[in-house]
Trainee: 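Sharing a structure below in structure tokens format, with a few things to ask.
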Amino acid sequence: MITGPSGVGKGTLIRSLVQQVPELEVSVSATTRPPRPGEADGVDYHFLSPAEFDARLADGDFVEHATYSGHRYGTLRSELESRVQAGAPVVLEIEIQGARQVRESMPEAVQVFIAPPSLEALRARLVGRGTNSPRDMDARLRTAREEMAARDEFAHVVVNDRLERAVAELVTIVRSAL
Ligand code: 5GP
């Protein structure tokens, strides 16, 4: 599983990782957040209403779930189970609270924390992405400060200073675990 603050570049790193380690499959999370322009249901996320999310939670459909910046996110059991049973390695991109739950329930999972070179760099990235409202961005930065404190909990920490270098480090970690 890949965790780290929002805006640190987890998505970009994972796309490059999967290109280099094609046997990896990426779990599609569920969220109650509205789709951003260009995001497709079932591809980027399974977009659920809060009521649908609650119903699936009550049915025990989630491996982990968390509230992040006012919206809910979770990993569906259905995304994981068949692949894990078939021995296929699955990548989860999740925030810290979810990562902690996965660490408890699946201690064998490879745990990687992606860290920004600095909080300033993270702010610049979030601004550059331009997909969050100023209020949401402030909340994400506040959360990011707290999330940074969690880095030492994770077995591997990759600093996303330069994309190519960070991807190479991530590929090495993943390959040695497979
Ligand atoms: P975003 O709204 O930017 O797509 O995601 C916000 C945060 O939620 C990111 O840190 C992202 O990694 C995290 N996230 C995405 N999917 C999941 C999930 O299934 N579970 C948890 N716990 N966090 C998720």
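When reading the values below, keep in mind they use all heavy atoms of this one structure, side chains included, and skip hydrogens, waters and symmetry mates. As the structure lists them, so they are numbered: ligands from 1, and atoms in each ligand from 1.
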Trainee: Suppose the criterion is side-chain hydrogen bond (donor to acceptor under 3.5 Å, both in side chains): which pairs have a residue in residues 168-178, not counting sequence neighbours?
Mentor: Arg165-Glu169

Trainee: Filter on ring-ring contact (aromatic ring centres under 6.0 Å, His included), then keep only pairs touching residues 139-178, sequence neighbours left out; what's left?
Mentor: Phe113-Phe154

Trainee: Is it true that Asp138 and Arg142 have a side-chain N and a carboxylate O under 4.0 angstrom from each other?
Mentor: no

Trainee: Show me, pair by pair, the donor-acceptor contacts under 3.5 angstrom made by side chains of residues 12-30, not counting sequence neighbours?
Mentor:
residue : atom : partner : partner atom : Å
Ser16   : OG   : Thr12   : O            : 3.3
Glu25   : OE1  : Arg83   : NE           : 2.7

Trainee: Using 4.0 Å as the upper bound for N to carboxylate O, is an ion pair formed by Arg72 and Asp54?
Mentor: yes

Trainee: About how many Å separate CG of Leu92 and CE of Met106, when rounded to the nearest 0.5 Å?
Mentor: 6.0 Å

Trainee: Near ligand 1, which protein residues have a heavy atom under 4.0 Å away?
Mentor: Lys10, Ser29, Arg33, Arg36, Tyr45, Glu64, Ala66, Tyr68, Tyr73, Gly74, Thr75, Glu93, Ile94, Glu95, Gly98, Arg129, Arg140

